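Notes to accompany the following structure.
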Amino acid sequence: MAEQLGSLARTHTCGALRVADVGARTVLLGWVQKIRDLGSIIFLDIRDRHGVTQVIVQDDADLLERAKRLRSEFVVGIEGLVERRSPETVNAKLPTGDVEVRASSVRLLNEAKTPPFMIGDEQNVSEETRLKYRYLDLRRPQLQKNVMLRHKVTMALRRYFDDQGFLDIETPILTKSTPEGARDFLVPSRVHPGEFYALPQSPQLFKQILMIAGMDRYVQIARCFRDEALRADRQLEFTQIDLEISFATPELVYEIVEGALAAAFEQIGVTIARPFRRMQYAEAISVYGSDKPDLRFGLKIQDVGHLFAESPFGIFREAVAHGGTVRGFVIPGAAAASRRELDEIVEMAKQAGASGLIYMRRTAEGVQSSAKAIGEPATIAVLEAMGAGAADLVVLASGAPDAASKVLGQLRLAVAKKRGLIPDGAWELLWVTDFPLFEWNADEQRWDSLHHPFTSPREEDLAKLAADPGSVRARAYDVVLNGWELGGGSIRIHDRETQATVFRLLGLSDEQAKLRFGFFLEALEYGTPPHGGLALGLDRIVAMLAGESSIREVIPFPKTTQAVDLMSDAPSTVDAAQLRELRLRTEA
RNA sequence: GGGGUCGUAGUUCAGUUGGUUAGAACGCUGCCCUGUCACGGCAGAGGCCGCGGGUUCGAGUCCCGUCGACCCCGCCA
């Protein structure tokens with residue numbers, strides 16, 4: 001049934017033809033998107049990734065007969081003459097809508113089963129169905145647009161880093177397991193039974209070694225693998241724009257990364273404001289309850305603990321007495337909220353981990369607080385201290401300072417979303433700086449790196465390393481866009497002594513450190529330049545630029561939240577023979 | 001590991017208090033149609049109501065379990 005392509009050569013893509021082409025002979029190769037059969041005149045919409053062109057079949061009985069046999073998604077070659085459409089038949093919705101192709105031959109290159117969903121249609125299809133038939137989903141305009149945007153962003157970044165003197169260098173995919181951080185994906189070695197490679201969580205040590213090797217500026221669009229739970233913004237494998245710079249200061253890293261993001265934003269025609277705003281980690285946590293604050297809206301968290309030191313309201317008074325505090329934020333215009341809306345807000349707070357939430361507002365009769373014990377004068381004092389007007393609602397929660405803020409930070413996001421406080425088209429980029437170097441791991445009774453063990457402490461905090469590790473700030477920084485962490489990095493430790501001190505604080509004996517990172521520690525001793533860098537999440541950047549809320553929309557073949565590829569059905573069992581060769585036995 | 005939302009025709013969905021033969025739209029098939037582009041008209045096919053159990057005279061609907069998709073917490077140096 002299907003015919004050969006033969007010598008049929010494409011002259012134009014399906015998005016190319018314009019009035020200037022009228023009179024030209026053309027060959028279009030593509031998919032049948034739509035057939036409008038009017039009897040003795042048939043219109044075909046032919047699609048490729050460049051666009052859609054209308055083909056008209058008329059007069060020729062044999063050709064009409066052939067066209068009638070076509071169905072959606074058949075692959076065809078159309079030969080014909082470009083004609084101008086009469087004014088009343090122009091289709092303003094198509095870039096090619098001023099012209100049409102009068103077919104002189106229709107070649108059926110391949111048939112297609114009826115697809116499970118329509119390609120040219122914007123109708124919603126469940127993600128499950130889309131992922132199973134990803135090759136069809138990828139034909140749809142939205143994903144084609146996203147794939148093309150990703151290409152443009154990638155190319156722009158490669159050009160940018162080349163201009164900035166970076167070398168694009170590949171690092172191994174089969175590498176050494178370093179059990180800190182995320183769970184590794186392991187690859188068994190046939191040659192060394194019982195031993196395993198790990199897939200890189202990031203090329204961290206290799207890029208630092210490239211600095212030791214004198215490469216000066218390194219960049220790689222690197223696939224990274226982490227065997228952790230999946231989310232809208234997290235996949236098992238994802239792509240980082242990984243970079244490292246010798247003789248780097250944070251300022252230099254900021255400048256280079258801001259330039260890179262500007263180049264990426266140019267691809268959607270947006271000029272971003274530079275330099276980016278900066279915010280210390282401590283402020284981000286206390287005021288926004290998050291280390292990746294969304295600055296597109298207010299609802300800033302304020303501390304009013306001092307107003308409750310002697311409050312008759314026991315919960316707040318006790319919190320303050322025991323080193324905690326009372327924090328909250330103002331929801332503008334929410335004073336008129338119904339009982340049901342108020343209950344919803346309290347429920348959202350509980351979902352965020354709050355044990356309770358107090359709200360207060362001004363009323364026609366005076367003021368009202370959901371905790372009557374607080375009393376009218378104190379309620380007025382809080383409303384005034386927080387700058388709440390007559391139309392506003394105040395919500396309050398108590399707890400340890402950071403914990404209260406983190407709960408309120410989640411509530412802040414939920415409230416903003418629910419009440420439509422997030423403006424469209426806003427791009428709020430910032431650097432979050434001065435992260436703590438360590439966080440206390442209560443389960444293991446030791447310090448953990450907040451970033452990673454190769455992060456340099458701030459020089460003025462070096463003296464505190466031994467006595468008070470929790471107060472040591474890192475030379476680490478994250479770049480945040482609209483509440484998404486786009487990337488993070490640090491100035492690295494470049495001397496063996498500091499590195500050894502940090503390992504000890506992390507509870508790694510010299511022996512363990514040598515076993516895991518021996519090659520790296522040895523390399524450090526051969527003239528390591530001061531260096532630092534950062535990694536940007538390419539999937540997140542492209543998703544943001546594309547206006548998508550999940551990175552699955554910018555990854556051609558993503559996995560489900562249960563880590564399954566619905567198209568290929570990976571992961572799967574393997575032959576017993578394969579396992580034998582690897583000397584592996586499974587329990588399941 | 002925990003919490004939540006959702007599984008009904010190829011697709012997206014509706015389905016009342018548990019009650020006759022489970023509907024709509026789009027898609028699909030056939031016929032008609034010379035300017036359509038969300039073509040139009042006529043006719044038609046299409047269902048293990050995710051799966052398994054239970055309650056009941058009777059279950060798409062109620063209960064238990066299970067599988068899957070998505071969102072969130074934990075986790076993600």
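None of the values given here were measured: they were computed from a predicted structure. Every chain is numbered from 1 and lettered A, B, ... according to where its sequence line falls, protein lines coming before strand lines.
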- Task: Mind calculating the distance between CG (A/L230) and C1' (B/A69) to the nearest angstrom?
- Result: 13 Å
- For A/S72, report the nucleic acid contact type (base, sugar-phosphate, nothing); a contact means any heavy atom under 4.0 Å. sugar-phosphate
- Rounded to the Å, how far apart are A/K132 NZ and B/G10 P? 12 Å
- Note on the structure: By the Watson-Crick or G-U definition, both distances under 3.5 Å, B/G52 is matched with B/C64
- Can you tell me the distance, in whole Å, between the CG atom of A/L411 and the C1' atom of B/C72? 14 Å
- Message: Using atom P in both nucleotides, what's the gap between B/C76 and B/G18 to the nearest angstrom?
- Response: 47 Å
- Task: Would you mind pulling out the nucleotide paired to B/A69, Watson-Crick or G-U wobble, both distances under 3.5 Å?
- Result: B/U5
- Identity of whatever pairs with B/C26 - Watson-Crick or G-U, under 3.5 angstrom: B/G10
- Message: In this structure, how many angstroms lie between the P atom of B/C70 and the CD1 atom of A/I551, rounded?
- Response: 12 Å
- Message: Using a heavy-atom cut-off of 4.0 Å across all strands, would you classify A/T89 as base, sugar-phosphate, or nothing?
- Response: base
- Query: Which whole number of Å gives the distance between the C1' atom of B/G2 and that of B/U61?
  - Reply: 29 Å
- Task: From the options B/A69, B/C28, B/C71, select the nucleotide whose nearest atom is closest to the side chain of A/T114.
- Result: B/C28
- Message: With no hydrogens and no angle check, just 3.5 Å: does a side-chain donor-acceptor pair link A/Q240 and A/Q220?
- Response: no
- Message: Given 3.5 Å as the limit, does a donor-acceptor pair link the side chain of A/Q235 with the main chain of A/K559, or not?
- Response: yes
- Answer yes or no: side-chain N or O of A/R85 and base N or O of B/C37 forming a donor-acceptor pair under 3.5 Å. yes
- Counterpart base for B/G40, defined by Watson-Crick or G-U wobble contacts under 3.5 Å: B/C32
- Message: Would you measure the distance from the C1' atom in B/U8 across to the matching atom in B/G47 and give it in whole Å?
- Response: 8 Å
- Message: Testing the 3.5 Å rule here: is there a donor-acceptor pair between the side chains of A/R102 and A/S104?
- Response: no
- Message: I want to verify a distance call: between B/G74, B/U36, B/C70, whose nearest atom is closest to the A/F43 side chain?
- Response: B/U36
- Query: When the P atoms of B/G46 and B/U29 are considered, how many whole Å apart are they?
  - Reply: 15 Å
- Which value, in whole Å, describes the distance between the C1' atoms of nucleotides B/G60 and B/G7? 12 Å
- Message: Please classify the nucleic acid contact of A/Q54 as base, sugar-phosphate, or nothing, using heavy-atom distances under 4.0 Å.
- Response: base
- Message: To check you understand the geometry: which heavy-atom pair defines the closest contact between A/V55 and A/A103, and what is its length?
- Response: CG1-CB, 3.8 Å
- Note on the structure: By nearest-nucleotide position on RNA chain B, the 5'-leaning member of A/P116 and A/L450 is A/P116
- Report the nucleotide, chosen from B/C76, B/U36, B/G35, that has the shortest atom-to-atom distance to any side-chain atom of A/R36. B/U36
- Query: Do A/E553 and A/S550 pass the side-chain hydrogen bond (donor to acceptor under 3.5 Å, both in side chains) test, and can you show the C-alpha distance, the side-chain angles, and the key distance before you say yes or no?
  - Reply: CA-CA 6 Å; A/E553 299 300 326; A/S550 164; 5.4 Å; no
- Message: Can you identify which nucleotide, out of B/C26, B/G35, B/A69, has its nearest atom closest to the A/L38 side chain?
- Response: B/G35
- Look at all strands and tell whether A/R102 reaches a base, only sugar-phosphate, or nothing, counting heavy atoms closer than 4.0 Å. base
- Ranking B/C70, B/C76, B/C37 by distance to the side chain of A/N91, first place goes to B/C37
- Query: Between B/A69, B/C39, B/U12, which one does the side chain of A/V125 approach most closely?
  - Reply: B/U12
- Query: Of the nucleotides B/U36, B/G74, B/U34, which has the atom closest to the A/Q58 side chain?
  - Reply: B/U34
- Options B/G74, B/C70, B/C37, nucleotide nearest the side-chain atoms of A/R231: B/G74
- Query: Is there a donor-acceptor contact under 3.5 Å from the side chain of A/E79 to the main chain of A/T26?
  - Reply: no
- Query: Roughly how many Å is it from OH in A/Y133 to P in B/U12, rounded to a whole number?
  - Reply: 11 Å
- Can you find a side-chain donor-acceptor pair between A/S177 and A/D184 that sits under 3.5 Å? yes
- Please check the phosphate of B/G30 (OP1 and OP2 only) for any side-chain N or O of A/R71 closer than 4.0 Å. yes
- Query: How close or far is atom C1' of B/G27 from atom NZ of A/K34, stated in whole angstroms?
  - Reply: 8 Å
- Query: Expressed in angstrom and rounded to an integer, what is the separation of A/R183 atom CZ from B/G74 atom C1'?
  - Reply: 11 Å
- For atom CZ of A/R223, decide whether the heavy atoms of other residues, nucleotides or ligands shown that lie under 6.0 angstrom number more than 12. no
- State whether a side-chain donor-acceptor pair under 3.5 Å links A/E88 with A/S86. yes
- When you get a sec, tell me which of B/G35, B/U29, B/G74 is the closest nucleotide to the side chain of A/I56? B/G35
- Task: Look at all strands and tell whether A/D37 reaches a base, only sugar-phosphate, or nothing, counting heavy atoms closer than 4.0 Å.
- Result: base
- Quick one: label A/R552 by what it contacts on the DNA or RNA (base, sugar-phosphate, nothing), any heavy atom closer than 4.0 Å. sugar-phosphate
- Query: Can you find a donor-acceptor N/O pair under 3.5 angstrom joining the side chain of A/R234 to the base of B/C76?
  - Reply: yes
- Task: Could you check whether A/E100 gets within reach of a base, just the sugar-phosphate, or nothing at all, counting any heavy atom under 4.0 Å?
- Result: base
- Query: A/K113 has an atom NZ; how far is it from atom P of B/U11, in whole Å?
  - Reply: 13 Å
- Item | Distance between C1' atoms of B/C26 and B/G53 (Å, rounded) | 36 Å
- Message: Both A/D59 and A/S549 contact RNA chain B. Taking the nearest nucleotide for each, which residue is further toward the 5' end?
- Response: A/D59
- Message: Base, sugar-phosphate or nothing for A/A232? Non-hydrogen atoms, less than 4.0 Å.
- Response: sugar-phosphate
- Mate of B/A59 where both pairing distances stay under 3.5 Å, Watson-Crick or G-U: none
- Query: Can you tell me how far P in B/G10 sits from the matching atom in B/C49, rounded to whole Å?
  - Reply: 12 Å
- Item | Rounded P spacing from B/C42 to B/C33 in Å | 16 Å
